[in-house]
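Notes follow the structure.
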Amino acid sequence: MYIKEFKNNNVYISGISDFDLPQTLDCGQAFRWEEASVGRWRGVAYNKYLELEKLSDDTIVLYNTSEEDFNNIWCDYFDLNRDYGEIIDAISGNEILKAAASFGSGIRVLNQEPWETLCSFIISQNNNIKRIKGIIARLCENFGEDMGGYYSFPTAQRIASLTLEDLSVLRSGFRAKYILDAANKVANGEIDLLNLKNIAVDDARCELMKIKGVGPKVADCALLFSHRHIDAFPKDVWIKRAMEVLFGGELPKEAVPYAGIVQQYIFFYARETKLKID
C-alpha cells in the first residue's frame, strides 16, 4: 500500500512499486502528456493540468494539486489501488511473460475519461504518435474551453454541434466523419459510455462498434484504458505478429484475466528487445 503526504499544495507518494512515469505516460495509451524537463512530466486529464516527477528515493511528487483532486481524480487515474506486483507474480510461471513483465513492470493502465479516450483512439487509426497528438491538440484548442494556460477536451455534445467543415481545421482526414458519428451517438444517448464498465467486455465491444470506423482494436483500447476492462486485448497487425512469435498466437491461460495489462508488457518487451516480427 502506498503512503501519501500533502505538503505545500503538493502530493508526495511513497511506497508504491511498479510505477514508471515514461513507461506509463509515453506508451501510447494517452496523448496529452509530455516530458517538460528531464524526469518531469506534464499533461491534462479530466480537464485538470498536472505536473509530476519521480524523485531519487522513488517518491512521486504531484505538483500543485489538492488533496481533493488527488483522492477524486489522480489516485484512480494512475490506478494506484491496483497491486501490479500481484499480477506479475500470477503470470510469471510463464518464462516469456516473466521476461516481458520485467521489461515493462513500471507500466500502469490509466483510467481515463471515456469520451476523450474513445475520440483519441478513433484519431489514432493508421496514424503515428506525433500526428495523433497534433490532431488532439488542435481539437482542444479549437473546440475546448480555455482553462487558463491549457484547454479542456471538448465534450461529445460540443463536437456533435459541429459539421465536417468545422472539423477540417483538425486536418484529421477520413477520421473526421468517424469523430462526428461517435459524438452524435454519445450525445444523443445511443451509446451509453458510462455503462460500458458494468457489462461484459464482448457486449461492450459490440456497443462501441456501432460507431462508424470503430473496429475491435479501437473498441478494446477504449475499454481497456477508460472502462476498467483489463481483460480487453487490443490487437493490431504488430501485436498479432508479436503474439505469433512469442506464443504461437495464443495468450497463455494465466494471462487471460489480465490480458490488457499483459498486452502492454508484450508490446513494450517486443519494442525494447527489437523482437523480429516483420
Side-chain angles (χ1 to χ4, degrees), residues 1-88 100-113 116-117 120 124 128-130 132-134 136-137 140-141 144 146-153 221 224-226 228 230 260-261 264-265 267-269 271-272:
M1 182 64 180
Y2 66 89
I3 299 168
K4 60 182 182 290
E5 180 183 4
F6 302 94
K7 185 168 58 178
N8 300 325
N9 208 37
N10 300 325
V11 180
Y12 296 80
I13 306 168
S14 58
I16 190 163
S17 59
D18 308 309
F19 188 14
D20 181 89
L21 298 185
Q23 287 185 12
T24 297
L25 300 176
D26 199 33
C27 68
Q29 60 173 317
F31 304 101
R32 299 192 73 191
W33 293 97
E34 63 179 1
E35 193 170 21
S37 58
V38 177
R40 183 158 173 157
W41 290 77
R42 64 185 176 197
V44 180
Y46 287 94
N47 297 329
K48 294 281 187 177
Y49 175 85
L50 180 69
E51 294 191 15
L52 71 166
E53 70 177 324
K54 181 176 279 191
L55 304 181
S56 58
D57 64 353
D58 279 347
T59 296
I60 294 174
V61 186
L62 284 65
Y63 293 104
N64 296 312
T65 191
S66 66
E67 181 174 359
E68 180 182 12
D69 280 350
F70 175 80
N71 290 331
N72 293 335
I73 299 173
W74 302 118
C75 179
D76 186 60
Y77 181 83
F78 293 115
D79 211 21
L80 296 184
N81 289 324
R82 189 185 305 277
D83 188 341
Y84 280 73
E86 186 176 273
I87 293 171
I88 291 170
S102 72
F103 269 83
S105 62
I107 298 172
R108 286 181 169 262
V109 170
L110 302 174
N111 292 309
Q112 302 176 67
E113 196 282 320
E116 177 175 345
T117 309
S120 296
S124 77
N128 61 59
I129 297 292
K130 182 178 179 181
I132 296 165
K133 288 186 174 184
I136 291 172
C140 296
E141 290 162 9
D146 187 341
M147 307 295 286
Y150 65 96
Y151 291 87
S152 68
F153 196 93
C221 284
L224 174 60
F225 300 131
S226 63
R228 305 176 190 278
I230 63 167
I261 294 172
Q264 293 290 286
Y265 295 154
F267 183 89
F268 190 80
Y269 173 68
R271 186 181 71 181
E272 292 300 300

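Along the sequence shown, residues are numbered consecutively beginning with 1. Please read all numbers here as calculations on a predicted model, not as lab measurements.
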Verdict with supporting geometry, Trp74 and Leu50, side-chain contact (heavy atoms from CB on, under 4.5 Å): CA-CA 9 Å; Trp74 302 118; Leu50 180 69; 3.6 Å; yes
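- By the 4.5 Å heavy-atom criterion applied to side chains, Leu62 and Lys4 are not counted as neighbours.
- Residues satisfying the ring-ring contact (aromatic ring centres under 6.0 Å, His included) criterion with Phe268, sequence neighbours excluded, are absent altogether.
- Minimum interatomic distance between Phe103 and Glu272 (heavy atoms only, all atoms of both residues): CD2-CB, 3.9 Å.
- Scored by the salt bridge (charged side-chain N to carboxylate O under 4.0 Å, His left out) test, Lys54 finds no partners at all (sequence neighbours excluded).
- The CD1 atom of Ile129 sits 9.0 Å away from atom SG of Cys27, with the distance rounded to the nearest 0.5 Å.
- Considering OH of Tyr265 and OG of Ser102, their distance stands at 10.5 Å, rounded to 0.5 Å.
- A donor-acceptor pair is defined here as one N or O able to donate and one able to accept, closer than 3.5 Å; such a pair exists between the side chain of Tyr84 and the backbone of Val109.
- Here the closest heavy-atom approach between residue Cys75 and residue Tyr2 is recorded as SG-OH, 2.9 Å.
- The list of salt bridge (charged side-chain N to carboxylate O under 4.0 Å, His left out) pairs with a residue in residues 12-36, not counting sequence neighbours, reads Glu34-Arg42.
- Between Ala30 and Leu110, the shortest heavy-atom distance links the atoms CB-CD1, 3.8 Å.
- Residues satisfying the salt bridge (charged side-chain N to carboxylate O under 4.0 Å, His left out) criterion with Glu141, sequence neighbours excluded, are absent altogether.
- You'll find the side chain of Asn72 stays beyond 4.5 Å of the side chain of Tyr46, heavy atoms only.
- The backbone N or O of Gln29 lies less than 3.5 Å from a partner atom in the side chain of Gln112, making a donor-acceptor pair.
- Atom CG in Leu80 sits 7.5 Å away from atom CD1 in Ile60 (nearest 0.5 Å).
- Remark: the backbone N or O of Asp76 is not paired with any side-chain donor or acceptor of Asn81 at under 3.5 angstrom.
- Judged purely by distance below 3.5 Å, without hydrogens or angles, the side chains of Glu53 and Tyr63 pair a donor atom with an acceptor atom.
- From Glu51, atom CD reaches atom OG of Ser37 across 7.5 Å, with rounding to the nearest 0.5 Å.
- Arg108 contributes atom CZ, which lies 6.5 Å from atom CZ of Phe19 (distance to the nearest 0.5 angstrom).
- Between the side chains of Tyr49 and Asn64, no donor-acceptor pair is found at a separation under 3.5 Å.
- Here the closest heavy-atom approach between residue Asp69 and residue Thr65 is recorded as CB-OG1, 3.5 Å.
- In this structure the side chain of Trp41 reaches within 4.5 angstrom of the side chain of Pro22, judged on heavy atoms.
- Applying the side chain to side chain donor-acceptor pair (under 3.5 Å) criterion to Thr59, with sequence neighbours excluded, gives Asp57.
- Between Phe225 and Thr117, the shortest heavy-atom contact is CB-CG2, 4.0 Å.
- For Lys7, the side chain to side chain contact (heavy atoms under 4.5 Å, CB included) partners two or more places apart in sequence, or in a different chain, are Glu5, Tyr12.
- In this structure, Lys133 contributes its side chain and Asn128 its backbone to no donor-acceptor pair below 3.5 Å.
- Between Leu52 and Leu25, the closest side-chain pair of non-hydrogen atoms falls below 4.5 Å.
- Side chain of Ser14 to main chain of Asp58: no donor-acceptor pair is present (N/O by atom type, distance under 3.5 Å, no hydrogens or angles).
- The CE atom of Met147 sits 14.0 Å away from the CZ atom of Phe153 when rounded to the nearest 0.5 Å.
- Between Asn47 and Glu113 there is no side-chain heavy-atom pair separated by less than 4.5 Å.
- The shortest heavy-atom contact between Cys140 and Ser152 is CB-O, 3.5 Å.
- Between Phe78 and Leu21 there is no side-chain heavy-atom pair separated by less than 4.5 Å.
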